[in-house]
Amino acid sequence: MSIEEIKKDEEQATEVISKNFIEQIIEKDLAEGVYDTVHTRFPPEPNGYLHIGHAKSILLNYGLACKYNGKFNMRFDDTNPTKEKIEFVDAIQKDIEWLGADWEDRLFFASDYFQEMYEGAIKLIQKGKAYVCDLSPEEIREYRGTLTEPGKDSPYRNRSVEENMELFEAMKDGKFADGERVLRAKIDMSSPNINMRDPIIYRVAHMTHHNTGDAWCIYPMYDYAHPIEDAIEHITHSICTLEFEDHRPLYDWVVRELEYSHPPKQVEFAKLYLRNVVTGKRYIKKLVEEGVVDGWDDPRLVSIAALRRRGFTPDSIRKFVELCGVSKADSSVDYGMLEFAIREDLKLKDTRIMAVLDPIKLIIDNYPEGQVEYMDADNNVENAELGTRKIPFSKELYIERDDFMEVPPKKYFRLFPGNEVRLMNAYFVTCTDFVKDENGVITEVHCTYDPETKSGSGFNARKVKGTIHWVSAKEAVKVTARLYENIIDEEKGVYNEDGTMNINPNSLIVTEDCYVEPYIKDAKAYDSFQFVRQGFFCVDCKDTTKDHLVMNRVVSLKSSYKLPK
RNA sequence: AGGGCUAUCGCCAAGCGGUAAGGCACAGCACUUUGACUGCUGCAUUCGCAAGUUCGAAUCUUGCUAGCCCUGCCA
């Protein structure tokens, strides 16, 4: 079966999956003629790097647009220059492109709409729906009331339209310092929904904006700006996370008061949390600053950049997000689900080669000294399209240390004195002897081979229970393997009682003396391979001082051999 | 005079009044030139709890309970 056929199968399988609640909303809107098309967007604030949670939102929005033949916009929600930087604008675009969400020519900046937002504010003032407030930040908080008590009206609430116009102009013209005046929507100070208690819609900030420079010294607040951004772009379904549910009445108020026709509709879904990893920008930042990880793309993190460096593919992340589903229930997905997604994606794409991570020498006593044979091997036994390769075989090999045991437990099928196993793609060998050093550590294993059992020869006079992998000691390439575990300890949870994070000290293990088939020599950065019985690895970089390839373990294989007690 | 939202297996998640889909994880068996993969099998008499309506309720009603979000001039 070719990869295409397999993919087709998978697509047919996913069609059976029932529609999520957002799809149901969209189909209802389409059926009732509320909208005649679907237009979504992903609106990050450029104040940090994207992570797996954002991937869910990106893929959801983009996926919906594709599914309903609609459009998908990329938009930077850059309404607060105090937090935003141009470097994040670039990094975010790169990550979204890599994920495969295509905004075509629709890349927008909220800041490009500042003029229209400003005109909207004037419209509100003239309708008597907005006023300039002189209260200090502290006073505004006091007047707002609490969760259980209503707020009270600002003394400036009933200024005349003329006065408000003058004052708002003065704000715009830089006559006030930061924090001195704000523009507020006039809604209801006694609303049980705090967001409706005359929310601030414009604040003064004398600050250079990465896109508009010094053109403005007043900036719109999210609650006011976002519905306008959506309306200008003719977004139909403005999809965001659950914490904005309480803001929806305000969202609707803005598009209604500004009299947009066919206004967008906000739909909320639950964020994606992953167990045993650090999600959340501020905590990732803390790990980076404290040097626990070596940067925002450290492969133990779940930022998009980290996942990319670790060797995750865009397809695997899409698969994972699809697997998780979309709902309104708070949830925390098992890390195993992510691992499943990447294994599933890579297993037919990657060349499966032999690598020895913890080497011990295997010497074939009856094999001619100096002889090198080239054995044929399928690059991927399940996918013939990947072709075959030649592997050097000789008298001295490396095998995995745990593929030999002096005293084997029950059901151990690998090498032990007197036992015969298959060397994958080569011959049967029988263990004859082994050597220990003065500390009792086994240093080499000896065996004999049977020339008749060569791989591919059709030999079937006898069978062996075990097959082990190997590399030729002389021809093998030495690499550094970086093995990763969850950065947070399974049982203990992310945070300790004192607020510190509970870091797993074994989350990164670096092993330098690993040997891989010479096949790896031509590998380039981000190329990935399946190492037989060791999982999937991805080329991270080349350590030029040692001429080593550095390989990141993407994910380990499910290993089902457990030593009996 | 608080408001909004959520609750179906260890973890996700369908279900929309007709008698509990699916995936991950886990377990067992088979197969195997990767103890992988693959295949097969098993895994919720019960849907947060309690009443009610109904021939029939995870689905409707009422009342509880638990969790999450909201008192930034952040998004």
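Just so it is clear, the model here is predicted, and its values are computed rather than measured. Numbers restart at 1 for each chain; the letters A, B, ... are given by sequence-line order, proteins then strands. What's counted below: heavy atoms across the whole structure, side chains too, no hydrogens, waters or symmetry copies.
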Please work out if A:Val464 contacts a base, only the sugar-phosphate, or nothing of the nucleic acid, heavy-atom cut-off 4.0 Å. nothing

Exactly one of A:Tyr113, A:Tyr202, A:Phe168 clears ring pair (Phe, Tyr, Trp, His ring centres under 6.0 Å) with A:Tyr118, and that residue is A:Phe168

So for A:Thr467 and B:rU34, does any side-chain atom that can act as donor or acceptor lie under 3.5 Å from a complementary atom in the base? no

Which is true for A:Asn425 with a 4.0 Å heavy-atom rule: it touches a base, it touches only sugar-phosphate, or it touches nothing? base

Pick base, sugar-phosphate or nothing for A:His247, based on heavy-atom distances below 4.0 Å to the nucleic acid. base

Heavy atoms under 4.0 Å, any strand shown: does A:Arg144 hit a base, just sugar-phosphate, or nothing? sugar-phosphate

Looking only at N and O atoms, is any donor in the side chain of A:Glu45 or the base of B:rC74 less than 3.5 Å from an acceptor on the other one? no

Just to be sure I understand the rule, does A:Ile140 reach a base, reach only the sugar-phosphate, or reach nothing, if contact means heavy atoms closer than 4.0 Å? base

A:Phe413-B:rG35 aromatic stacking (under 5.5 Å, under 30°): yes

Nucleotide opposite B:rC68 in a Watson-Crick or G-U pair, distances under 3.5 Å: B:rG4

When all nucleic acid strands are considered with a 4.0 Å heavy-atom cut-off, which category describes A:Leu135: base, sugar-phosphate, or nothing? base

Name the nucleic acid region contacted by A:Gly456, choosing base, sugar-phosphate or nothing; use a 4.0 angstrom heavy-atom cut-off, strictly under. base

What distance, rounded to whole Å, do you find between the two C1' atoms, one in B:rC31 and one in B:rG39? 8 Å

Going by atom types alone, do A:Tyr273 and A:Asp330 pair a side-chain donor with an acceptor below 3.5 Å? no

Counting any heavy atom closer than 4.0 Å, what does A:Ser457 reach on the DNA or RNA strands: base, sugar-phosphate only, or nothing? nothing

To the nearest 0.5 Å, atom CH2 of A:Trp470 lies from atom CE of A:Met375 at 6.5 Å

Is there a donor N/O on one and an acceptor N/O on the other, under 3.5 Å, for the side chain of A:Gln530 and the base of B:rU34? yes

Base, sugar-phosphate, or nothing for A:Ser190, non-hydrogen atoms under 4.0 angstrom? base

Using a 4.0 Å heavy-atom cut-off, does A:Met221 contact any base of the nucleic acid, only the sugar-phosphate backbone, or nothing at all? sugar-phosphate

Side chain of A:Ser455 - closest among B:rC26, B:rC73, B:rU33: B:rU33

Kindly indicate whether the side chain of A:Arg414 and the base of B:rG35 share any N or O donor-acceptor pair separated by less than 3.5 Å? yes

What does A:Gly336 touch in the nucleic acid at a heavy-atom separation under 4.0 angstrom: a base, only the sugar-phosphate, or nothing? sugar-phosphate

For A:Asp78 and for A:Asp330, find the nucleotide of RNA chain B with the closest heavy atom, then tell me which residue's nucleotide is more 5'. A:Asp330

May I ask you to verify whether the side chain of A:Asp246 and the base of B:rG3 hold a donor-acceptor pair under 3.5 Å? yes

Heavy atoms only, 4.0 Å cut-off, all strands: where does A:Tyr222 land among base, sugar-phosphate and nothing? base

Is the shortest side-chain N to carboxylate O distance from A:Glu245 to A:Lys328 below 4.0 Å? yes

Is the A:Tyr219 ring parallel, tilted or perpendicular to the A:His209 ring (thresholds 30°, 60°)? parallel

Would you say the side chain of A:Arg141 and the base of B:rU71 hold a donor-acceptor pair, judged only by whether the two atoms sit under 3.5 Å apart? no

Can you find a donor-acceptor N/O pair under 3.5 angstrom joining the side chain of A:Asn193 to the base of B:rG2? no

Hey, does the side chain of A:Arg533 come within less than 4.0 Å of B:rG35's phosphate (OP1/OP2), counting only N and O? yes

With both distances under 3.5 angstrom, what nucleotide forms a Watson-Crick or G-U wobble pair with B:rA21? none

Sugar-phosphate only, base, or nothing, as touched by A:Val333 at under 4.0 Å among non-hydrogen atoms: sugar-phosphate

Under a 4.0 Å threshold between the charged nitrogen and the carboxylate oxygen, would A:Glu233 count as salt-bridged to A:Arg75? yes

Just to be sure I understand the rule, does A:Thr146 reach a base, reach only the sugar-phosphate, or reach nothing, if contact means heavy atoms closer than 4.0 Å? base

